[in-house]
Amino acid sequence: HVGWAKPNCDQTLIWGYVVGANGLAEPNVQVRVGNNQGWRDDTWTNNDGIYGYLFADEPIAGKFFARVFKGGQARSMQFWWETSAGCDGPYSLQEVRIDWRHR
């Protein structure tokens, strides 16, 4: 996976692309998101291989994860990141982009 993170004073979210080993977009791939409090939810890629999940319409503090599943099986490690409730400082990572590529 590759990605970046940056401050966002309006939202806390994750988004990115899922592509196959051939580099082409993979539609309908499950991406599980959650936090270290046991909460989790799922989102799926669209026809262009893009997924996204809005955690909140504001900067929120927490430790979050994302993980790719295919056919009900985990296909990636959990990627963790931590955010702060403010949009400045070392943990101002409210907007995270992670692109995944299947091998």
Side-chain angles (χ1 to χ4, degrees):
H1 59 77
V2 296
W4 51 259
K6 67 180 184 178
N8 186 323
C9 293
D10 298 318
Q11 299 174 321
T12 301
L13 69 142
I14 185 171
W15 67 279
Y17 294 89
V18 178
V19 297
N22 59 7
L24 298 176
E26 290 208 3
N28 298 316
V29 174
Q30 176 187 1
V31 178
R32 176 160 292 158
V33 296
N35 67 17
N36 61 339
Q37 303 297 310
W39 169 86
R40 68 180 193 201
D41 202 0
D42 295 304
T43 186
W44 284 264
T45 57
N46 65 14
N47 287 337
D48 297 320
I50 301 169
Y51 72 94
Y53 193 88
L54 178 65
F55 293 102
D57 282 323
E58 63 185 339
I60 57 173
K63 189 170 182 183
F64 300 95
F65 74 83
R67 187 175 198 180
V68 173
F69 283 75
K70 197 167 180 186
Q73 300 294 316
R75 297 294 183 173
S76 74
M77 299 291 287
Q78 284 186 343
F79 177 83
W80 287 89
W81 72 98
E82 190 170 349
T83 67
S84 67
C87 54
D88 57 1
Y91 290 104
S92 298
L93 306 174
Q94 291 85 15
E95 184 172 346
V96 174
R97 176 180 171 182
I98 301 296
D99 296 337
W100 310 85
R101 183 175 182 146
H102 290 289
R103 294 181 187 175

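These numbers come from the heavy atoms of this one structure, side chains and all, not from hydrogens, waters or symmetry mates.
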Restricting to side-chain contact (heavy atoms from CB on, under 4.5 Å), what partner residues turn up for [X], sequence neighbours left out?
X   : result
D42 : Q30, R32, W44
N35 : Q37, W39, F64
A74 : R67, F69
D48 : N46, I50

Same apolar cluster (I L V M F W Y, side chains within < 4.5 Å links), L93/L13: no
Return the minimal non-hydrogen interatomic distance between [X] and [Y], and the atom names on each side.
X    : Y   : value
H102 : V18 : NE2-CG1, 3.7 Å
P27  : T45 : C-OG1, 3.2 Å
E26  : V19 : CG-C, 3.8 Å

All pairs passing disulfide bond (SG atoms under 2.5 Å apart) where [range] contributes a residue, at least two apart:
range           : result
residues 21-57  : none
residues 43-103 : C9-C87
residues 14-75  : none

Less than 4.0 angstrom from a charged side-chain N to a carboxylate O is my criterion; do D99 and R101 meet it?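 Result for this pair is no, no salt bridge flagged.
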Salt bridge (Lys or Arg N to Asp or Glu O under 4.0 Å) pairs, two or more places apart, involving residues 14-25: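 The answer is none; no pair qualifies.
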Among pairs that include at least one residue of residues 79-93, which meet salt bridge (Lys or Arg N to Asp or Glu O under 4.0 Å), considering only residues two or more places apart or in two chains?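 Output for this query is empty, none listed.
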Please output the side-chain donor-acceptor pairs of residues 51-59 that fall under 3.5 Å, not counting sequence neighbours, one pair per line with the distance.
residue : atom : partner : partner atom : Å
Y51     : OH   : I98     : O            : 2.8
Y51     : OH   : W100    : NE1          : 3.2
Y53     : OH   : D41     : OD2          : 2.8

Side-chain cluster (under 4.5 Å, hydrophobic types only) that W80 belongs to, other residues: F65
Between T83 (side chain) and I60 (backbone), is there a donor-acceptor pair under 3.5 Å? yes
Pairs meeting criterion side-chain hydrogen bond (donor to acceptor under 3.5 Å, both in side chains) with involvement of residues 5-21, two or more places apart: N8-E95, W15-E95
CG (N47) with more than 12 external heavy atoms under 6.0 Å: no
